[in-house]
Amino acid sequence: MFRRKLQALDYHNPAGFNCKDDTEFRNFIVWLEDQKIRHYKIEDRGNLRNIHSTEWPKQYEKYLKDVTCPFKVQERQEAIDWLLGLAVRLEYGDNAAKYQNAKPVGAEGQKTAEPLINLDVNNPDFKAGVMALANLLQIQRHDDYLVMLKAIRILVQERLSAEAVAKSNSSKEGLPVALDKHTLGFDTGDAVLNDAARILRLLHVEELRELQTKINEAIVAVQAIIADPKTDHRLGKVGR
């Protein structure tokens with residue numbers, strides 16, 4: 001939850017930080033004030049540094065008020081996130097030139113071939129977000145959330161890109177059709193009804209062509225899956 005901000009602040013253990021551990025939490029607050037926020041003068045930080053004191057919770061409550069944190073002592077995670085945000089802003093202000101000249105990670109050297117490779121697929125927020133998108137886009141659910149996310153990406157690229165939307169919104173102008181050149185195969189005895197029957201037949205043929213196209217696309221998709229077997233760890237084998 002706090003890993004990125006902790007990494008930005010060069011915290012010694014960003015991945016393993018446990019805010020529910022009182023000792024670790026108190027040491028973290030002291031580190032944050034001493035190294036990053038520095039709201040108090042050095043000589044005024046003694047009470048906050050005394051993490052084993054029974055009065056420390058009151059001192060922490062006072063500290064939150066002094067830095068104008070909008071959260072209370074009981075809202076530990078929210079307060080930590082707010083303090084980290086404050087620390088990041090102060091850190092940037094102290095080292096503005098350094099960060100203005102910084103290049104994005106991966107800007108130099110080879111680019112990552114798979115943009116989804118660094119995602120934490122076990123994160124509850126990630127799972128909830130993927131599921132919400134899948135429901136919104138009516139995508140079939142899958143046990144692997146990364147597979148669902150890839151399906152979402154493909155759908156967005158193919159159906160919701162600016163080019164795809166522009167293409168779908170463009171009006172399709174049909175070609176003029178000479179109805180009298182199309183044999184109906186029967187005669188209703190009424191010229192108007194004959195023309196109407198010809199129109200219905202042409203529309204039906206068009207629908208059959210669209211259906212055939214969709215069938216062909218489905219066959220290609222199935223062939224692609226069959227030609228690229230994946231390991232199924234639940235079955236303990238590769239392929240179908």
Side-chain angles (χ1 to χ4, degrees), residues 1-133 136 145-146 149 152-153 156:
M1 181 177 181
F2 311 114
R3 186 174 60 182
R4 289 189 176 182
K5 291 180 180 178
L6 290 171
Q7 287 176 334
L9 295 171
D10 295 325
Y11 186 67
H12 68 280
N13 186 23
F17 174 61
N18 181 13
C19 68
K20 296 181 180 180
D21 183 281
D22 285 341
T23 301
E24 186 172 358
F25 166 68
R26 294 183 182 189
N27 278 316
F28 165 74
I29 295 297
V30 173
W31 172 84
L32 204 59
E33 168 60 18
D34 278 344
Q35 302 296 325
K36 304 299 177 181
I37 298 179
R38 299 188 290 273
H39 181 76
Y40 292 154
K41 295 180 180 179
I42 295 177
E43 58 269 22
D44 296 333
R45 299 174 190 169
N47 292 333
L48 193 64
R49 288 173 175 171
N50 189 9
I51 63 172
H52 299 294
S53 171
T54 56
E55 297 296 319
W56 194 90
K58 292 182 179 179
Q59 182 59 36
Y60 172 59
E61 183 177 11
K62 179 180 182 300
Y63 179 69
L64 292 180
K65 291 179 180 178
D66 289 344
V67 295
T68 63
C69 176
F71 299 103
K72 298 179 180 179
V73 174
Q74 296 80 4
E75 302 170 296
R76 180 175 291 191
Q77 291 187 349
E78 292 83 354
I80 290 175
D81 190 59
W82 187 89
L83 291 172
L84 284 172
L86 173 63
V88 169
R89 291 194 299 273
L90 294 173
E91 180 77 359
Y92 175 81
D94 291 342
N95 302 278
K98 170 186 172 183
Y99 292 108
Q100 285 174 351
N101 296 327
K103 294 182 179 180
V105 176
E108 297 180 358
Q110 294 183 344
K111 295 183 178 179
T112 304
E114 176 53 69
L116 305 179
I117 197 170
N118 293 322
L119 288 174
D120 181 6
V121 296
N122 295 318
N123 187 301
D125 292 335
F126 168 78
K127 291 182 178 180
V130 171
M131 187 61 68
L133 285 173
L136 180 64
Y145 285 83
L146 194 57
L149 184 59
I152 291 170
R153 183 182 66 177
V156 170

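- A pairwise comparison of heavy atoms in Tyr60 and Ala79 identifies OH-CB, 3.6 Å as the closest pair.
- With sequence neighbours excluded, the residues that form a side chain to side chain contact (heavy atoms under 4.5 Å, CB included) with Glu75 are Phe71, Lys72, Glu78.
- Listed by chain and number, the residues in a side chain to side chain donor-acceptor pair (under 3.5 Å) with Arg49 are Asp34 (sequence neighbours excluded).
- Not counting sequence neighbours, the partners of Val88 by the side chain to side chain contact (heavy atoms under 4.5 Å, CB included) test are Lys5, Leu9.
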Under 3.5 Å, sequence neighbours excluded: what are the donor-acceptor pairs made by side chains of residues 50-58?
residue: Ser53; atom: OG; partner: Glu55; partner atom: N; Å: 3.0
residue: Trp56; atom: NE1; partner: Leu48; partner atom: O; Å: 2.7

Could you go through Leu83 and Tyr63, starting from their C-alpha distance and side-chain angles, then the distance that decides it, and tell me whether this counts as side chain to side chain contact (heavy atoms under 4.5 Å, CB included)? CA-CA 11 Å; Leu83 291 172; Tyr63 179 69; 4.3 Å; yes
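- Rounding to the nearest 0.5 angstrom, the gap separating the CG atom in Leu84 from the CH2 atom in Trp82 is 11.0 Å.
- In this structure, the salt bridge (Lys or Arg N to Asp or Glu O under 4.0 Å) partners of Arg76, at least two apart in sequence or on a different chain, are Asp22.
- In this structure, Asp81 contributes its side chain and Gln77 its backbone to no donor-acceptor pair below 3.5 Å.
- Atom CZ of Arg3 is separated from atom OH of Tyr11 by 15.0 Å, given to the nearest 0.5 angstrom.
- Nearest heavy-atom pair across Phe28 and Leu6 is CE1-CD2, 3.6 Å.
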Check the pair Arg45, Gln59 against side chain to side chain contact (heavy atoms under 4.5 Å, CB included), reporting the backbone distance first and the verdict last. CA-CA 10 Å; Arg45 299 174 190 169; Gln59 182 59 36; over 6 Å; no
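- Distance check: Arg38 CZ to Leu32 CG gives 10.5 Å after rounding to the nearest 0.5 Å.
- In this structure, CD in Gln35 is found 10.5 Å from CG in Asp10, a value given to the nearest 0.5 Å.
- Expressed to the nearest 0.5 Å, how far NZ of Lys36 lies from CD of Glu33 amounts to 12.5 Å.
- In terms of the side chain to side chain donor-acceptor pair (under 3.5 Å) criterion, residue partners of Lys62 (sequence neighbours excluded) are, by chain and number, Asp66.
- Every side chain to side chain contact (heavy atoms under 4.5 Å, CB included) that Asp44 has, sequence neighbours left out, goes to Tyr40, Lys41.
- Legend: residues meeting ring-ring contact (aromatic ring centres under 6.0 Å, His included) with Phe2, ordered by chain and number and at least two apart, are absent.
- For the residue pair Gly16 and Glu24, the shortest heavy atom distance occurs at O-OE2, 3.7 Å.
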